[in-house]
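Remember, predicted model here, so these are calculated numbers, not experimental data.
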Amino acid sequence: MIDDKDQKIISALVEDGRASVESISEIAGLSPTPTRRRIQQLEKEGLITGYKASIDPEKCGLELCILAFVKLQKRDRNSIAEFESEVFKIPEILKCDLITGTHDYILTIRLPSMNSYNRFLRHVLAELPGIFGIETSVVIGNVKDTDHLPLNTV
């Protein structure tokens, strides 16, 4: 379980992964040495899994965000493993979540345009092994996107 100091450290790093230990220590109310030790411990325990740059996909020419809801023909181990293995090979698929409900997976896909999605759907998604059906939704705007976890909620 993490305490209040760890929560402050994690929140500071989520806000700015390049923050100095000194600035984080001020936020956490600790001196730099114990702050550094706590960060190393959080990394060792796997609470902090890495650091990354946040990229604006639209500024990179990837203006279209698609959510594809996928249903598999079969849900046996081999079908699932084959589908998931192929998904890892496709860079346009940013995220693949196994979900409950009428579909098996939800894929988050970034592409430049609707024309590119049309090609992607026909030549990539539809060719994935074990696909029974695909339903898509186009994201028309983002309301909230955060990496901040609600660590101090009950």
CG (Leu72) and CD (Glu82) are apart, to the nearest 0.5 Å, by 10.5 Å
Quick check on the hydrophobic clustering: are Ile90 and Ile131 connected, directly or via other members, by side-chain heavy-atom contacts under 4.5 Å?
yes
Is there a side-chain contact between Leu107 and Leu67 in this structure, where contact means two heavy atoms from C-beta onward sitting under 4.5 Å apart?
no
Non-hydrogen atoms of Leu111 and Ser116 that approach each other most closely
CB-OG, 3.5 Å
Any non-hydrogen side-chain atom of Glu22 less than 4.5 Å from a side-chain atom of Arg36?
yes
Reported OG-to-CZ distance for the pair Ser31 and Arg37, which is rounded to 0.5 angstrom
7.5 Å
For residues Tyr51 and Glu43, is any side-chain donor paired with an opposing acceptor at under 3.5 Å?
yes
Spatial distance of atom SG (Cys60) from atom CD1 (Ile55) [nearest 0.5 Å]
6.0 Å
Ile24, Val21, Leu30, Ile10 screened by side chain to side chain contact (heavy atoms under 4.5 Å, CB included) with Arg38, the one that passes:
Leu30
Could you go through Ile2 and Leu47, starting from their C-alpha distance and side-chain angles, then the distance that decides it, and tell me whether this counts as side chain to side chain contact (heavy atoms under 4.5 Å, CB included)?
CA-CA 9 Å; Ile2 61 175; Leu47 273 91; 3.2 Å; yes
Establish whether Ile106 and Ile80 are linked, either directly or via other cluster members, by ILVMFWY side-chain heavy-atom contacts under 4.5 Å.
no
Tell me whether Leu94 is reachable from Phe88 by hopping between hydrophobic residues (I, L, V, M, F, W, Y) whose side-chain heavy atoms are closer than 4.5 Å.
no
Mind checking whether Asp6 and Leu42 have side chains closer than 4.5 Å, heavy atoms only?
yes
Is any side-chain heavy atom of Cys65 closer than 4.5 Å to one of Thr108?
yes
Thr49 side chain to Gly46 main-chain N or O, any donor-acceptor pair under 3.5 Å?
no
Under the side-chain contact (heavy atoms from CB on, under 4.5 Å) rule, collect the residues that match up with Ile27, sequence neighbours excluded.
Lys8, Ala12
Can Phe69 be reached from Leu121 by stepping across I, L, V, M, F, W or Y side chains whose heavy atoms are under 4.5 Å apart?
no
In the structure I gave you, are the side-chain heavy atoms of Gln7 and Asp3 within less than 4.5 Å of one another anywhere?
no
Tell me the closest heavy-atom pair linking Ile39 and Ile48, and the distance in Å.
O-CD1, 4.4 Å
Decide side chain to side chain contact (heavy atoms under 4.5 Å, CB included) for Ile109 and Phe120; before the verdict, give the C-alpha distance in whole Å, the side-chain angles of both, and the deciding distance to 0.1 Å.
CA-CA 10 Å; Ile109 303 164; Phe120 183 81; 3.9 Å; yes
Closest non-hydrogen atom pair between Leu64 and Ser113, with its separation
CD2-O, 3.2 Å
Is there any salt bridge (charged side-chain N to carboxylate O under 4.0 Å, His left out) pair reaching into residues 94-119, and which pairs are they, with sequence neighbours excluded?
Arg75-Asp104, Lys95-Asp97
Working to the nearest 0.5 angstrom, can you tell me the gap between Leu125 CG and Ile134 CD1?
4.5 Å
OH of Tyr117 to CZ of Arg122, rounded to nearest 0.5 Å, is 11.0 Å
Lys71 side-chain N/O to Phe132 backbone N/O, donor-acceptor pair under 3.5 Å:
no
In short, Thr35 meets Ser25 closest at the heavy-atom pair OG1-CB, 3.2 Å
Nearest heavy-atom pair of Val138 and Met114: which atoms, and what distance?
CG2-CE, 3.6 Å
Minimum heavy-atom separation for Cys96 to Tyr105, with atom names?
SG-CD2, 3.6 Å
Any side-chain heavy-atom pair from Phe83 and Leu128 closer than 4.5 angstrom?
yes
